[in-house]
Amino acid sequence: MESLRTRHVALLTVLSALCIGIQLTPRPPNVEFTSLLVFLVGTFFGLAIGGFLGATIMLVNGFLSPWGFAGLMLPFQMVGMFIVGVVGGVYGRTRRGVYPLGSCGETAILGCFLTLVYDIITNFGVAVSYMMIGLPALPAFVGAIVSGAPFSLVHVVSNFFVFLAAFFPLTRVLQEYLGGEAVWRNELSPM
Amino acid sequence: MEKRAFTYVVLGVLVWAILGTIVASYYFLQYDSYQREYKALIDLLGSDIEGMSNLLEGISLEANILLSYGNETKVWYNNTVLPLGSTAFTAIYYLAESINYTDYGGELGILVTSINGVADNSTHGWLYWQWDPQYSMWMFPQYSSAKYILHKGEVIAFTYSSYMQWPPPAPT
């Protein structure tokens, strides 16, 4: 792994602080910007840092969230957000720093998909809690998924619009901050 | 279609399919649950007429209401069933074919200005009375009918009376 430049470390720090700050701010249930920021960090800094940031954010969130201690859900939330960061890293590699306006649609669909994957993983955590009180695995999992449907719907739809509206302008701003898309392609993709 | 675009379209459709299935399952289970509750309630009420009657009595009241237009035209609405907690205003609101009123808000409450096309003017207006069974006489609550909460079996009257005589004449 290449070492990060000071400017990159500063940017990563600011994005991480922004991410955890927004995550801990009281907001409507299941409307969040953490996925977007973790995905963005993944695309920019690579899948290792993206995944690590996602898991760390959910670890902190699990203890300090305004909704209370995450408990059994914590490891599932960490895995879910880890995957978001990793997929962001993979997406960044395939794109190699080129994010035209048309990539908004791609990232919006990816955002939807990753949100759904995250919800399925966290609902599996709920299912585990059902299983611990004696429910068989399949009914527990189906029950958890189905009972969480309204929340998943809000989560997926809101993230579709968040990714659609915010990913493209954010990449533009970050590219300008760091000196153009070549920076993404040449300096950061090895991670 | 370009392969990349095709991949994302497929991914989008996959998300839609999974989410749609989950949401459809959710609403199916909700529907099933409410239908079972409804059937259980119908079964319970159907097997216990007396219980249903008691239930309805518990949440409603009966009142006798006189509507006097001040020209010897009087209409009694006996044994009128109203929701528990009804006021004299809500009683006349439900009974009248047409009604106008002014809501002054707060402590002043609502003033009825017209019932069934008979409206207030400079000399006459709508007043309401409450029958006091203890003294066998009509009492004149001098506050808004919307503040007067009815009790079971209560008798009230809305009269179209002249302001020229105060206190106004009681209903006869």
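Throughout, protein chains are lettered first and strands after them, A, B, ... in sequence-line order, and every chain is numbered starting at 1.
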Heavy-atom side-chain proximity of B:Leu61 to B:Val81 below 4.5 angstrom | no

Hey, which of B:Trp16, B:Tyr26, B:Tyr27 has the most heavy atom pairs under 4.5 Å with chain A?
-> B:Tyr26

At a heavy-atom separation under 4.5 Å, does A:Thr115 approach chain B through its side chain, its backbone, both, or neither?
-> neither

Where does B:Leu29 contact chain A at under 4.5 Å (heavy atoms): side chain, backbone, both or neither?
-> side chain

Quick one: does B:Met139's side chain get under 4.5 Å of B:Trp131's, heavy atoms only?
-> no

Nearest heavy atoms of B:Trp126 and B:Ser68, plus distance in Å | CZ3-O, 3.5 Å

Against chain B, label A:Leu116 side chain, backbone, both or neither, depending on which of its atoms sit under 4.5 Å from a heavy atom there.
-> side chain

With a 6.0 Å cut-off on ring centres, are A:Phe39 and A:Phe163 close enough?
-> yes

